[in-house]
Amino acid sequence: MTPILATSLTIGGAGLACSGLLALAARFLSVEEDPRVEEVTNILPGANCGGCGFAGCANYAEAIIVDNAAINLCAPGGADVLKSLADMLGQTAQAAEHKVAIVLCNGDTANAPRKFEYNGVADCHAAHAIGGGDKLCSYGCLGYASCARVCPVGAIEMTGGIAKVHPDLCISCTACVKACPRQLIKMVPSARTIHVLCSSKDKGPAVKKACKVGCIGCTLCTKQVDDEQIKMEGFLAVVDYAKPLDSDAPIEKCPTHCIVRT
Amino acid sequence: MGATIATFRSPGGIHPAYHKDLAAEQAIREMPLPSALIVSMSQHLGKPAIPTVKKGDSVLRGQVIGSPAGFISAAVHAPTSGTVKLVAATPTASGPRADAITIDPDGEDTWIDGITPCPDWRQLEKADIVNRIAAGGISGMGGAGFPTHVKVSPPPETLIDTLILNGAECEPYLTADYRLMLEHAAQIWEGALIIARALDAHTIRVAIEDNKPAAIAAMQAAIPAEAGDAAVVALKTEYPQGAEKQQIFAVTGRTVPAGGLPLSVGVVVENVGTTLAVWDAVVNGRPLTERVTTVTGGSIVQPANVRARLGTTYADLVAFCGGTTGPVAKIISGGPMMGFAQADTSVATTKTTSGLLLLGPDAVHAYESQPCVSCGRCVGVCPMNLMPNELSQFLEAEDYEAAEAYNVMDCMECGCCAFECPAHRPLVQHMRRGKAQVMLNRRKQ
């Protein structure tokens with residue numbers, strides 16, 4: 001026997017034996033999986049953004065089938081995915097309110113001065129840890145793009161030293177909300193256009209010193225609405241997104257123009 | 001009675017320019033009461049103290065104005081008598097805000113009643129010593145600010161045989177501990193005896209870098225007869241010899257395990273300033289209301305070692321030292337290696353403010369961070385034997401699991417790696433960010 005033949009027989013034999021074992025294992029050790037899980041996974045968009053609260057699309061699909069999770073949690077999928085899921089599973093489901101992320105700070109380079117020259121790691125968490133951040137306002141957007149880097153669809157643009165979310169691109173995954181060290185990013189109903197673009201809890205004089213477009217807590221806006229659609233939380237005016245609001249009066253009255261229509 | 005014993009050297013380390021000559025020969029100066037004191041509730045490691053006074057209250061020196069918020073916390077006392085003007089969240093030297101009490105001094109500087117000296121501390125029970133230290137609100141004055149009463153009350157099954165007094169002061173520029181050793185050697189030794197008694201430690205070592213021969217001689221001459229196995233150890237001058245774990249290795253040859261405390265190898269390390277504060281609290285019954293801070297740097301007209309009340313603003317300290325010589329490019333609270341850069345001088349001193357450094361434009365350089373060139377110099381100088389090159393790249397990629405596996409949590413942020421890095425990478429900042437995130441992830445699990 002030539003060495004080549006011997007080698008081929010040995011390797012081939014070992015291969016055959018192993019494949020036999022694998023075939024047996026596949027037959028007797030197989031785990032039953034509901035075929036619907038795969039079907040649901042195929043319906044989901046496959047963005048694996050995590051916005052539904054599960055680890056990814058496959059995980060969410062499993063939760064839908066096994067744990068009866070709500071089927072309206074996939075924001076990127078929107079109405080189409082919801083309809084396909086409802087048809088397939090024979091459920092009726094109300095579409096969840098479509099929400100998009102918004103950065104509640106408008107203090108760009110022109111409006112919000114910096115208190116020192118920051119020359120470190122270009123990351124908001126790192127900058128925030130040094131003297132509370134280089135921005136004079138200790139609540140405002142630092143502009144080192146920690147949110148933009150985690151956005152899976154590139155919906156966040158850094159402009160004028162602050163982050164801006166493009167609502168038409170946002171897939172509501174909430175990754176940016178978790179990435180902001182100053183908790184500036186909120187999920188708001190996409191139909192809403194009037195926002196208080198400030199998150200400073202400071203009193204008026206301190207805000208005035210730190211930013212030209214900050215909320216100084218003058219409460220004028222709250223007097224322009226009839227049902228507390230804008231109300232004061234400490235020294236900060238906050239929009240109550242649960243109540244409808246479509247009036248230009250608060251925007252016109254705001255002395256620092258921190259209330260805007262987007 | 002001990003003699004100076006051999007010189008030691010720990011692994012890693014660097015040799016920065018020391019600049020100690022600026023303030024080393026300046027005897028400690030008492031600073032008069034400033035117009036306002038801003039006393040932070042976060043002067044120590046652990047939970048900030050809880051304010052116990054409100055706006056309008058009048059307080060006396062030594063009165064408790066912040067009560068400890070748990071075991072790893074420390075009381076805060078009024079540094080002088082006066083009126084509470086404000087209780088509000090105020091930025092601290094390291095950045096985050098903490099409650100601070102602003103006191104308007106009345107100029108009388110009246111001590112509170114009930115200050116009970118105890119020159120006969122040798123009669124005290126161990127627990128009484130610990131109680132007096134806790135009542136004095138003492139926390140580590142070298143920089144980290146670990147509450148001292150916690151350090152001196154180890155779990156009962158732990159045997160502590162060695163007390164090391166840390167007088168290395170390896171941070172460039174700083175000379176506060178040096179002056180304390182020159183001017184208060186006897187009191188520091190008595191403080192050491194008190195701590196050794198509380199710990200049942202039979203060996204006392206004073207560790208001083210060998211670039212301070214005068215301090216070595218002063219501490220050597222002041223060794224008390226009753227001290228037993230006591231000696232001054234001259235350490236080779238090398239940063240960071242003052243770091244706790246490095247110093248323990250240099251002095252005793254013992255290695256503190258990763259993530260462990262010095263008491264796991266039978267050692268407690270106390271800064272010499274802390275030891276002096278312990279002496280004051282136990283022997284004189286006076287809580288910690290002042291400390292010596294080195295105000296120095298090229299921009300200070302008259303660099304000095306200043307004994308100032310806790311809560312003195314940096315602006316008042318600078319004014320007391322004659323103001324500035326010209327434009328200031330950098331303000332650092334602490335030493336240049338481990339201190340915190342400040343945006344202005346509005347922050348006030350705490351129990352951990354060992355120095356205030358004002359540097360002119362000639363001493364400050366800004367560099368752009370470059371990619372790692374894999375030269376390995378950071379690995380060579382890391383006193384904790386870490387690989388800052390690998391770690392910083394993991395952290396740049398936000399791979400916190402890998403950073404944790406490479407022991408980012410053992411980094412003590414001494415800055416040797418960043419000092420050496422030819423690519424000017426902000427390595428320490430990466431580590432800080434990584435450590436914070438790993439801690440956060442661990443808490444989530």
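This structure is a prediction, so every number in the text was calculated from the model and none was measured. So that the names make sense, note that chain A is the first sequence line, chain B the second, and so on, each numbered from 1.
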ask   = Taking atom NZ of Lys435(B) as the centre, does the number of heavy atoms from other residues, nucleotides or ligands within less than 6.0 Å exceed 12?
value = yes
inquiry  = Counting only non-hydrogen atoms closer than 4.5 Å, does Arg425(B) touch chain A with its backbone (N, CA, C, O), its side chain (CB onward), both, or neither?
reply    = neither
message = What part of Ser94(B) gets within 4.5 angstrom of chain A, counting heavy atoms only: side chain, backbone, both, or neither?
response = backbone
Which of Arg149(A), Glu117(A), His125(A) touches chain B most, by non-hydrogen pairs under 4.5 Å = His125(A)
remark   = Between the NE2 atom in His430(B) and the CG atom in Asp123(A), the distance rounded to the nearest 0.5 Å is 9.0 Å
request  = Under 4.5 Å heavy-atom distance to chain A, tell me which part of Glu398(B) shows up: side chain, backbone, both or neither.
outcome  = side chain
ask   = So what's closer than 4.5 Å to chain B heavy atoms on Ala129(A): side chain, backbone, both or neither?
value = backbone
task = Tell me, yes or no, whether the heavy-atom count around Lys55(B) atom NZ, taken from other residues, nucleotides or ligands under 6.0 Å, exceeds 12.
result = no
Gln429(B) (side chain) donor-acceptor with Val121(A) (main chain) under 3.5 angstrom = yes
query = For Glu38(A), does the CD atom sit with more than 12 other heavy atoms under 6.0 Å from it, leaving out its own atoms?
reply = no
request  = Taking atom CE of Met158(A) as the centre, report whether more than 12 heavy atoms of other residues, nucleotides or ligands fall under 6.0 Å from it.
outcome  = yes
message = Heavy-atom count check: over 12 atoms from other residues, nucleotides or ligands less than 6.0 Å from Lys115(A) NZ?
response = yes
remark   = Cut-off 4.5 Å, heavy atoms of chain B, and the answer for Asp134(A) is neither
inquiry  = So for atom NZ, which belongs to Lys178(A), do other residues, nucleotides or ligands contribute more than 12 heavy atoms lying within a distance under 6.0 Å?
reply    = yes
remark   = If one checks every heavy atom of Arg114(A) against chain B at 4.5 Å, the contacting part turns out to be neither
message = Surrounding OH of Tyr406(B) (heavy atoms of other residues, nucleotides or ligands, distance under 6.0 Å), is the total greater than 12?
response = no
